[in-house]
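Only one structure is covered here, and it is reproduced in the block below.
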Amino acid sequence: MQKYIIRLDDACPTMDHKKWNKIFDILDKYDIKPIIAIIPNNSDKKMMIDKYNNNFWESVKEWENKGYHIAMHGYDHNYISKNSGLIPMNNNSEFADIDKKIQVEKIQQGWKIFQKNGISPKIWVAPSHTFDKITLQVLKKETDIHIISDGIAYYPYNRYGFFWIPQQLWWFEEKKYGVWTICLHPNNMNEEQIEKLEKSIQDNIDKFKVKLDVLHKQYKNRKLSLKDNIYFNFFFLRRKLSRIKILQKIYKNIKG
Ligand SMILES: [Zn+2]
């Protein structure tokens, strides 16, 4: 059966608490355990929405106690390179193509913040999907992280010594098979989208009941298949083509 995991990105002390709480209420109502991508030391102004919540890390502990899966979402969400790394989704990065010394520093500092607050994330979520093999080496050495929430494939797989849970959707879509992670950004969601999310969950509730430890048992030794590779290449080709179409439209508009 097809399964769906919900991932909520960009939790930090200045997130839009009202929107996040609305989504948490929905998830709790249907007993769904999301992945929460937490920026340990946010310096991205786009994420500075509410005033700083001094009890943020106590909330993170509560989420963890509820069975939510805590993920480390980079260090400060500040892009310092134009490289797209292993997953060519975007051309800006906090990690891809960055000197190893700086990557070590960022990951050590981020990990320290989690540790200080009594939390040991098991999952890595790179800001903008961008990281490289050095990032993985550093994560292995400096943290207990062993799961990567990223990649384009039909099912989770093992690669570079990590367990990858692919992340292919940004909204609910009917699928016939596969394990799908839907990445949402609660800070940017409107009322209508939040309602639509509830409706998708309500109509497909069994498909949202996923246990990450069960997935791990089932897929921990799986390698990427030919079909996954075709999907990966097709996904990024389609993305490139749609970008070209957008550029053509802009060009036409400029030309009048
Ligand atoms: Zn982010």
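Just so you know, ligand 1 is whichever comes first in the structure, and atom 1 is the first atom listed for that ligand. Note that this is a predicted model, so its numbers are computed, not measured.
- The aromatic ring centroids of Y157 and Y219 lie 6.0 Å or more from each other.
- The ring of Y30 has its center no closer than 6.0 angstrom to the ring center of F208.
- Applying the ring pair (Phe, Tyr, Trp, His ring centres under 6.0 Å) test to W57 and every residue at least two apart in sequence or in another chain returns F114.
- D150 and H129 share a donor-acceptor pair across their side chains, judged by distance under 3.5 Å alone.
- For the Zn ion (ligand 1), protein N, O or S atoms under 2.8 Å: 3 in total.
- Under 3.5 Å, the side chains of S128 and N92 contain a donor-acceptor pair of N or O atoms.
- Between the side chains of E94 and T130, no donor-acceptor pair of N or O atoms lies under 3.5 Å.
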